[in-house]
Colleague: 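Pasting in a structure now, in structure tokens, and then I'll have a few things to ask.
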Amino acid sequence: MLSRTRAAIRLIKGGPVQDDPVPAALAQPGEKSYRWFPPGTHITVRGLSKQFQGSVLYEDFDLDLPRGKVVSVFGPNGCGKSTIINMIAGLLPMDKGEVLFDGKTIDETRIGYVFQNYREALFPWLRAIDNIHYPLKLMGLSRKARNERVEKLLGRFQVKIDFNRYPYELSGGQQQTVSIMRSLVMEPEVLFLDEPFSALDYEMTLFMRDQMQKVFMETHTTMVIVSHDLEEAVYLADHVLLLTRRPTRIADFIEVPLPRPRSADTLSDPTFVEIKSRCLEIFRREARLS
Amino acid sequence: MSKLLTRLNPVIGVILLILVWWIATLLQIADPVLLPPPQKAFKALVDGLVSGPLLHDFAQTIYRTVLSFLIASAIAIPLGVMLGAADKVYRSVEFVIDFFRSTPASAVFPLFLVLFGVGDKTKIAVAAFGSVLVILFNVAYGVMNARKTRVLAAKVMGANRLQVLKDVYFWESLPQTFIGMRNGISLALVIIVVAEMFIGSSDGIGYRLIEAQMLFEMPTMYAAIFAAGALGYGMNWIFLTIEKTFVHWGGK
């Protein structure tokens with residue numbers, strides 16, 4: 001927590017501050033004003049470039065993501081949805097550019113990451129409960145402090161899982177729940193989720209969406225979710241970040257002003273339907289489907 | 001009836017083998033001196049174990065094999081984890097490891113004799129040498145094939161290099177490590193038995209075999225062969241059992 005106040009002073013290199021601010025995340029390369037970032041921004045990406053096997057994936061890419069909001073990332077196949085969050089989360093090196101969280105670098109920021117493939121992300125040699133303990137152990141917390149934190153988390157989740165079992169003894173949904181809990185137990189400043197529900201069946205997906213929503217409403221952690229399902233992307237998000245084909249740019253950053261908690265009824269809400277079809281239109285344009 | 005048959009299934013082969021052996025001796029297909037009847041060989045085995053030197057030989061061979069295996073594991077496992085985690089380094093020494101892994105361990109006997117002299121030291125050193133390379137190779141490959149997602153997961157949770165090594169790579173490589181250890185201990189047993197035959201020994205299964213051959217005590221020789229077989233089989237079985245409980249997640 002100390003580092004947050006200290007590091008916030010660090011400035012982002014760049015041009016003058018504008019009087020008339022553009023909305024968050026809409027800054028496009030080419031505009032000189034893009035160095036400015038709006039109030040309430042948590043994650044700033046500046047001048048990010050990435051080549052992949054000789055072809056340009058990202059070129060001088062800028063992005064501002066708001067604090068305490070859920071942003072879903074959606075775009076055509078191969079546009080680098082996962083790549084961008086992996087680079088922001090520090091899992092993948094970028095060729096050029098800078099990512100700051102509240103002015104802090106990735107090393108100074110506590111992040112959580114939920115992988116698509118929970119089977120390969122959990123540690124099968126540890127019981128579910130010890131998987132959740134593991135990040136706290138890395139933080140050097142005492143057994144007592146760890147237990148307190150885990151108890152608190154278990155109380156919040158209210159799921160019927162036998163945490164003394166090994167991951168491979170649990171169902172897919174239970175495993176992904178454990179995986180999400182493992183990333184939440186360290187109380188991350190930002191939580192990244194890479195297609196977290198795509199390996200689950202539909203019933204489980206619906207359940208997990210609501211679990212995520214509950215967690216978000218309680219913690220207001222900044223979340224970035226990659227999704228390949230537009231309905232899910234809109235349903236979960238406060239903002240949908242739509243990406244173009246490569247070389248990837250921001251196609252649009254659409255606000256989803258629907259109140260929470262959202263439920264099955266939300267899916268037929270006219271606003272929801274309208275936003276979804278707007279996203280779909282942009283997506284079709286960008287994917288050149290029409 | 002069929003239930004009894006299923007339960008007896010695994011021992012049918014054994015019974016068949018003894019039966020064929022027994023009939024062969026009855027019909028005197030082979031010279032009875034060269035192929036004594038099974039009950040005679042069995043008696044030699046029991047006598048050797050109870051009142052004869054075979055039990056001591058057995059223990060000596062186990063001691064040498066296990067010691068060389070422990071030395072090999074203590075070197076190969078940590079080294080393999082480190083090499084596997086830095087795969088550039090491994091690639092640069094891979095040829096050397098592969099080369100000596102492919103070299104028959106018996107080819108280095110003369111060299112080790114010069115280095116360590118005649119005695120237990122040489123036997124154990126050669127067996128450990130052969131065993132180290134087999135285990136090392138397997139551990140390194142186990143680490144290199146570690147699920148990258150788990151490594152990333154640990155890193156993203158804030159694990160440093162050493163923690164990734166001992167919390168992820170070590171465990172990830174464990175199934176492959178066990179395969180290496182199983183192969184390693186079998187190889188160690190082979191080398192120890194050969195060494196006991198030809199390199200100045202006064203005990204051990206290998207020594208007992210060679211002595212029985214020179215004295216033409218065929219039942220003792222068969223007994224010693226079975227003892228060696230039982231030893232190899234038993235070690236493998238122990239390893240499989242440990243593996244099943246210890247690497248409970250293997251293949252899941």
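Please read all numbers here as calculations on a predicted model, not as lab measurements.
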Colleague: Is it true that atom NZ of K88(B) has more than 12 heavy atoms of other residues, nucleotides or ligands lying nearer than 6.0 Å?
Modeller: no
Colleague: Answer yes or no: are there more than 12 heavy-atom neighbours, outside K69(A) itself, under 6.0 Å from its atom NZ?
Modeller: no
Colleague: Restricting to non-hydrogen atoms, name the atom on A121(A) and the atom on A153(B) that form the minimum distance, rounded to 0.1 Å.
Modeller: O-CB, 3.9 Å
Colleague: Apply side-chain contact (heavy atoms from CB on, under 4.5 Å) to residues D167(B) and Y134(A) and explain how you reach the verdict.
Modeller: CA-CA 10 Å; D167(B) 295 342; Y134(A) 182 69; 2.7 Å; yes
Colleague: Tell me, for N160(B) versus chain A, whether the close heavy atoms (under 4.5 Å) come from the side chain, the backbone, both or neither.
Modeller: neither
Colleague: Mind checking whether W171(B) and W125(A) have parallel, tilted or perpendicular rings, split at 30° and 60°?
Modeller: parallel
Colleague: Inspect the surroundings of CZ in R156(A) and state if more than 12 heavy atoms from other residues, nucleotides or ligands are less than 6.0 Å away.
Modeller: yes
Colleague: Heavy-atom distance under 4.5 Å to chain B: side chain of F192(A), backbone, both or neither?
Modeller: neither
Colleague: Show your working on side-chain contact (heavy atoms from CB on, under 4.5 Å) between R182(A) and M157(B) and close with a plain yes or no.
Modeller: CA-CA 9 Å; R182(A) 181 177 71 172; M157(B) 287 186 276; 3.7 Å; yes
Colleague: Determine whether more than 12 heavy atoms belonging to other residues, nucleotides or ligands lie under 6.0 Å from atom NZ of K244(B).
Modeller: no
Colleague: Given heavy-atom pairs under 4.5 angstrom as the criterion, report whether the side chain, backbone, both or neither of L122(A) touches chain B.
Modeller: backbone
Colleague: Might you confirm whether atom CG of N77(A) has over 12 heavy atoms from other residues, nucleotides or ligands at distances under 6.0 Å?
Modeller: no
Colleague: Show the nearest heavy-atom pair for residues H248(B) and P124(A), with the distance to one decimal.
Modeller: CE1-O, 3.5 Å
Colleague: I'd like to check L138(A) versus Q163(B) (side-chain heavy atoms, cut-off strictly below 4.5 Å). Are they in contact?
Modeller: yes
Colleague: Within a reach of under 6.0 Å around CD of E218(A), are more than 12 heavy atoms found that belong to other residues, nucleotides or ligands?
Modeller: yes
Colleague: Answer with side chain, backbone, both or neither: which region of V151(B) has an atom nearer than 4.5 Å to a non-hydrogen atom of chain A?
Modeller: neither
Colleague: May I ask you to check whether over 12 heavy atoms, not counting those of K214(A), lie within 6.0 Å of atom NZ?
Modeller: yes
